[in-house]
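Report on the structure given below.
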Amino acid sequence: MCGITGWVSFERDLHSASATVDAMTETMSCRGPDDRGTWINGPAALGHRRLAIIDLPGGRQPMTADTPQGTVALVYSGETYNFTELRRELTGRGHRFTTDSDTEVVLHGYLEWGEAVAERLNGMYAFAVWDGRHDKLVMIRDRMGIKPFYYYETPDGVLFGSEPKAILANPLARARVGLDGLRELFAFVKTPGHAVWEGMREVEPGTVVTVGRNGLRRHVYWQLETRPHTDSKDDSIAHVRTLLDDIVRRQLVSDVPRCTLLSGGLDSSAMTAIAARQLAENGETVRSFAVDFLGQADNFVADELRTTPDTPYVHDVARASGTDHRDIVLDSNALADPEVRAQVIRARDIPMGFGDMDASLYLLFRSIREHSTVALSGESADEVFGGYLQFFDEEARRADTFPWLVRFAQHFGDDSDVLRSDLTAALDIPSYIQDSYGTAVAGVQRLEGESDFEFRMRKICHLHLTRFVRVLLDRKDRASMAVGLEVRVPFCDHRLVEYVYNTPWSLKSFDGREKSLLREATADVLPKSVYDRVKSPYPSTQDPKYALALQGHAKDLLAQPSHPVFDLVDRGRVARAAQHEAPQITQASRRGLERTLDLALWLDLYKPDISLS
């Protein structure tokens, strides 16, 4: 796991721009605290920051291979879980290796198969290859978009990086955000390829982007496809378990300490229990970590979203699986700390407005990093197996919009209400959402003979796997890599995603509950309490001191009437939210304050050129 960046300029020799390449590389020192390297050859420059996970001494980058036709150089971020098999195959084809790293396997894989190497990889990855044999840059991203990857076209080439900050460190990139960028910030629809910053794009998941002297081309090597599912219920359950056993075993491979993230929900509990059983075969004990809030376990108040606190279930799993467990307990002062908020925004490069859920994730990862370098997460199981409430909410099912937006409106209100009315009118977010929804569902393939209900549920599953999950994967990656922690996501293995996507909804929910396939596939390793537990989302603090702290920070901001944030948000609405009695503050008001404070910090830190025309 690392940070990559680079610059291709076909009209100049970049040796003279080494200081700029260094600056781009250093923006990602948090992603790679263990090593750094740059490589420049004529029109191409590559930069790398390394978090050493496999073959600590041998995986340095940029990594190069000299051929009679020219040098091929690679910068790589992520993990390839089937690198051992690929190395064996490549060795049989005459390749010789000098390290034990998966990076060298990917490099030789490219030498052997070219861009088609992507189709052979099982893992999470974003990598760039400068192919000196053909004077072209090849950028490849993993199928699910687990690892971030951005690029910015220039008049004579391209800039790229794991994060926008690497690109923005180059004077050729303008830190400008227009109306479409603001729409993307507030719509919560994750338009594929959209990067918020004008002129910048994401390498889309499952895509190869090639840049040569004749321009840029894109090639999609993987996407969700509709296929018939013929396995019985019992066979489907067995196959899911077989896949999970293989996936977890592969993702436990590491030369540094690893752990699991444990919430006490079905997903993380199943993954932790399988990991514990596998490590026990070698006499090892899995470490597990959970987040909690000061006083939450004793003073928890149930609501429709969260009917139970996590901690009792976490401890049930830790006891049953014999994990070396630790609770990371956070208080409201830490969650509301402006410096923590600033660290989250620096990590994400944009203000997403997730508030205490972003802050707690960052603080959890920061604490875990003191003990482990790799963590396995249950992220994405809800999208894969159908775990969210909107999968079962008839209003959300039937709505001609993204189903999670229906649930958000029901429970949290609309945090875009904090914007100035003239900006709200200019953005016209409802139309943006509707256009985005139409585009998103247009490509969903219907199975021959599929009922209207099953096709509707297929579309909902597709939307979660191609839109919603990418928001959460990006959040997870940025928060973890900001502290140098690699988080792996077993439920994003493309084999599992493909298989479960094509199981009909009647099979995904055969017992009338969420994630029926996953529950039955892992029933033998789960405590009964977790087996019976209803889905509970990522926790959020209930402490009124947190809202009170937000109000105090908002009042400090209101004391700066010339702050540029008030070109975007309505001062009056912020002032009213800041005056509410903290225990009675609504979810919408709280989220509005969080959004305002995030926007203000983002404007202070990045000083973007905001174009409202």
Side-chain angles (χ1 to χ4, degrees), residues 143-144 189-190 223-244 265-267 270 304-305 378-408 410 437-438 440-472 490-523 531-537:
R143 295 169 179 83
M144 290 295 289
V189 298
K190 195 62 183 78
Q223 59 188 348
L224 276 178
E225 294 182 354
T226 297
R227 302 188 185 103
H229 184 83
T230 58
D231 289 352
S232 67
K233 182 183 79 171
D234 289 345
D235 287 344
S236 298
I237 292 168
H239 188 64
V240 166
R241 178 54 179 270
T242 298
L243 283 171
L244 286 174
L266 174 62
D267 319 331
E304 187 182 355
L305 273 183
E379 190 89 82
S380 308
D382 286 309
E383 290 80 5
V384 174
F385 289 96
Y388 293 115
L389 290 174
Q390 57 261 24
F391 283 96
F392 298 86
D393 184 316
E394 198 57 33
E395 181 184 352
R397 282 174 167 178
R398 294 188 175 279
D400 288 329
T401 190
F402 297 96
W404 53 87
L405 297 183
V406 176
R407 296 295 301 184
F408 287 177
Q410 291 171 352
Y437 175 76
V441 297
V444 183
Q445 304 159 314
R446 185 168 188 166
L447 190 67
E448 185 177 351
E450 194 167 47
S451 70
D452 288 346
F453 173 74
E454 282 287 355
F455 183 51
R456 184 161 67 249
M457 296 310 298
R458 180 181 294 279
K459 287 192 288 188
I460 290 174
C461 292
H462 194 281
L463 290 171
H464 280 83
L465 289 167
T466 58
R467 296 297 187 98
F468 191 76
V469 75
R470 294 178 186 174
V471 176
L472 300 184
F491 291 107
C492 275
D493 185 291
H494 71 278
R495 298 169 298 164
L496 182 68
V497 172
E498 289 172 344
Y499 185 80
V500 178
Y501 172 67
N502 281 300
T503 59
W505 181 252
S506 59
L507 189 50
K508 287 188 179 78
S509 58
F510 64 78
D511 60 359
R513 302 180 61 185
E514 76 278 3
K515 295 179 285 195
S516 306
L517 282 174
L518 177 60
R519 180 178 291 101
E520 290 307 313
T522 57
Y531 178 90
D532 291 333
R533 190 185 185 196
V534 175
K535 161 71 182 173
S536 183

Close side-chain approach of Val406 and Gln390, heavy atoms under 4.5 Å:
no

His464 and Tyr388 aromatic ring geometry - parallel, tilted or perpendicular at 30°/60° bounds:
parallel

Decide if atom CD of Glu394 counts as having more than 12 heavy atoms of other residues, nucleotides or ligands within a radius under 6.0 Å.
yes

Partner set under ring pair (Phe, Tyr, Trp, His ring centres under 6.0 Å) for Phe455, not counting sequence neighbours
none

So does Asp452 pair up with Arg446, basic N to acidic O under 4.0 Å?
yes

Apply salt bridge (charged side-chain N to carboxylate O under 4.0 Å, His left out) to residues Asp511 and Arg513 and explain how you reach the verdict.
CA-CA 6 Å; Asp511 60 359; Arg513 302 180 61 185; 5.0 Å; no

What distance separates Ile237 CD1 from Arg519 CZ, expressed to the nearest 0.5 Å?
11.0 Å

Have Glu520 and Tyr531 got a donor and an acceptor in their side chains that come within less than 3.5 Å?
yes

Partners passing ring pair (Phe, Tyr, Trp, His ring centres under 6.0 Å) against Tyr437 (at least two apart in sequence or in another chain)
Phe402

Nearest heavy-atom neighbours spanning Val500 and Val384:
CG1-O, 3.2 Å

Indicate yes or no: at least one non-hydrogen side-chain atom of Leu463 is less than 4.5 angstrom from one of Phe468.
no

Within the 4.5 Å heavy-atom criterion, are Leu517 and Ser236 side-chain neighbours or not?
yes

Only one of Met457, Glu514, Lys508, Lys515 passes side-chain contact (heavy atoms from CB on, under 4.5 Å) with Phe391; say which it is.
Met457

Could you tell me the separation between the CG atom of Asp382 and the CG atom of Asp267, rounded to the nearest 0.5 Å?
5.0 Å

Report yes or no: is the cationic atom of Arg458 (NZ for Lys, CZ for Arg) closer than 6.0 Å to the six-membered ring centre of Tyr501, at no more than 45° off its axis?
yes

CA sep, side-chain torsions, deciding dist, call: Phe491, Leu518, side-chain contact (heavy atoms from CB on, under 4.5 Å):
CA-CA 10 Å; Phe491 291 107; Leu518 177 60; 3.8 Å; yes

